[in-house]
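These figures come from a predicted structure and were not determined experimentally.
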Amino acid sequence: MLDLAAIGELLIDFTPSGVSEQGNPLFECNPGGAPANVLAAMTRLGGTGAFIGKVGSDTFGSFLYDILKQNGIDHRGLRFDPKVHTTLAFVHLSRTGDRSFSFYRDPGADRMLTFEEVDQDVIRQAKAFHFGSVSMTHEPSRTATLGAARFARELGKTISYDPNLRPALWNSLEEAREVIIRGMEYADILKISEEELIFLTGQTDLEKGAELLAEVFRGRILLLTLGPNGCFFGMDGKYDRLPTYDKVKTIDTTGAGDAFLGGFLFRIRPYFGRLQELTFDELRDAVNFANAVGSLATTRKGAIPAMPRLEEVMALLEA
């Protein structure tokens, strides 16, 4: 069986790459999209994964198809749209490497996936299922994503969910909050950022915010990523916090949260389907491992190209 199936966006990240001889900014074409990034982290570490989503029947779509193959990601679930182009995102980096996005997606091919196009056999053959909220900003991909999550729940799969809030992609923040919370109904593992915690709960106190989330979140594990400040995490009402690995030289944080989540899911693979057997000490170990994966991903440009291999992670942990 596959370790992980993921549904959602697969797109092009145009990442800053210096300036031209004329002094104009240059952008490098990098593969991205949060669910695909998580899968790339999983397979780069030695796990297996499959992608479900849609790209355009264009040069960028063909490039992304090749990227899935090169990273050992099962691409049976990838669909090509002959009428809508592949989604593009331009990444803007601050001096510290923090990123923001400008999307060209009105519509983009990732938004056009229908539930009928979802390869259910891919979900059946995976031990775990992952999804986010970017594919739920519009129809028909919203119905496709929530329908696939519901199907995975019915099959008893371990389900991971990353809201991955991108305000500019939603019609309104009220709609975003409502739909994102709807996705939580299916999740066993919820990974959110501090910004998303505040957006969903109005709380800046991490533990109070986590307790509020527990009222709508049916799952067992909460992962609250805090960027350079590490991760606040909890399970069954018990919480702890671990620092990140700040000895690395950060140049680009694009995909770091996805690398963290892919690393976490890789580490807990033995518990897919029996998550209730995971102990708090094992949860802490998985978060520590994931922190190392996320930290290493910031040392290279791009998202998928920056995902580290297992030997790099182990070397950082041992150091």
Side-chain angles (χ1 to χ4, degrees), residues 6 8-19 25-45 49 51 53 55 60 63-64 67-68 70-71 73 86-105 108 110 130 132-135 137 162-169 191-196 223 225-231 244-246 248-265 290-309 312-313 316:
E9 69 276 11
L10 177 61
L11 48 78
I12 299 294
D13 284 333
F14 281 104
T15 308
S17 186
V19 296
L26 296 175
F27 288 85
E28 181 180 8
C29 173
N30 277 306
N37 296 341
V38 171
L39 286 171
M42 170 70 78
T43 59
R44 196 72 63 88
L45 291 168
F51 179 76
V55 295
F60 292 130
F63 169 71
L64 292 170
I67 289 294
L68 293 182
Q70 291 167 18
N71 284 272
I73 298 171
T86 300
T87 296
L88 309 179
F90 283 81
V91 182
H92 310 282
L93 297 177
S94 71
R95 291 182 179 180
T96 59
D98 289 328
R99 80 285 180 272
S100 59
F101 298 90
S102 296
F103 288 91
Y104 290 79
R105 185 192 185 234
D110 67 295
H130 173 69
S133 76
V134 170
S135 57
T137 60
D162 179 2
N164 203 24
L165 177 66
R166 297 287 181 264
L169 296 181
K191 180 265 177 194
I192 61 172
S193 67
E194 189 171 10
E195 174 192 11
E196 290 155 356
L223 305 170
T225 52
L226 305 170
N229 296 316
C231 179
T244 191
Y245 286 79
D246 56 5
V248 302
K249 183 180 179 181
T250 295
I251 62 171
D252 182 1
T253 60
T254 306
D258 303 324
F260 169 91
L261 183 55
F264 179 83
L265 294 174
N291 275 342
V293 177
S295 296
L296 285 169
T298 70
T299 63
R300 293 186 281 262
K301 288 186 177 181
I304 290 178
M307 298 302 168
R309 298 193 180 279
E312 297 177 86
V313 179
L316 180 60

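A salt bridge does not link Asp252 to Lys301: none of the charged side-chain nitrogens sits closer than 4.0 Å to a carboxylate oxygen.
Here Glu312 pairs with Leu296, Arg300, Pro308, Arg309 under the side-chain contact (heavy atoms from CB on, under 4.5 Å) rule; sequence neighbours left out. For the side-chain contact (heavy atoms from CB on, under 4.5 Å) test, residues two or more places apart in sequence or in another chain that qualify with Ala36 are Leu10, Phe51, Ile304. Partners of Asp246 according to the side-chain contact (heavy atoms from CB on, under 4.5 Å) rule, which considers only residues two or more places apart in sequence or in another chain, do not exist here.
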Give the intermediate values and the outcome of side-chain contact (heavy atoms from CB on, under 4.5 Å) for residues Asn291 and Phe260.
CA-CA 6 Å; Asn291 275 342; Phe260 169 91; 3.4 Å; yes
Quick one, Met307 with Asn71, criterion side-chain contact (heavy atoms from CB on, under 4.5 Å). Give me CA distance, side-chain angles, the key distance, then yes/no.
CA-CA 10 Å; Met307 298 302 168; Asn71 284 272; over 6 Å; no
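The two atoms that bring Ala297 and Ala306 nearest to each other are O-CB, 3.3 Å, heavy atoms only. Across all their heavy atoms, Ala259 and Gly294 have their closest contact at CB-CA, 4.0 Å. Closest non-hydrogen pair, Pro163 versus Lys191, comes out as CD-O, 3.2 Å. When every heavy atom of Ser295 is checked against every heavy atom of Tyr245, the shortest pair comes out as OG-N, 3.3 Å. Residues Glu9 and Asn164 come closest through the heavy atom pair OE2-ND2, 4.1 Å. The minimum heavy-atom distance linking Gly255 with Ala303 is given by the pair CA-CB, 4.2 Å.
Using a 4.5 Å heavy-atom cutoff, the side chains of Asp110 and Leu11 are not in contact. A 4.5 Å side-chain heavy-atom check between Glu196 and Asp162 finds at least one atom pair inside the cut-off. By the 4.5 Å heavy-atom criterion applied to side chains, Pro16 and Val91 are counted as neighbours.
Between the CG atom in Leu88 and the CZ atom in Phe60 there is a gap of 5.5 Å [rounded to 0.5 Å]. Interatomic distance, Arg44 CZ to Ile73 CD1, rounded to the nearest 0.5 Å: 8.5 Å. Rounding to the nearest 0.5 Å places CD1 of Ile251 at 6.5 Å from OG1 of Thr299. For the atom pair Arg166 CZ and Arg105 CZ, the distance stands at 11.0 Å (nearest 0.5 Å).
Note on ring orientation: taking the six-membered ring where Trp is involved, the planes of Phe27 and Phe90 are perpendicular (angle over 60°, cut-offs 30° and 60°).
Exactly one of Val293, Asn37, Leu223, Thr225 qualifies for a side-chain contact (heavy atoms from CB on, under 4.5 Å) with Leu261. That residue is Leu223.
Around OH of Tyr104, the count of heavy atoms belonging to other residues, nucleotides or ligands within 6.0 Å does not exceed 12.
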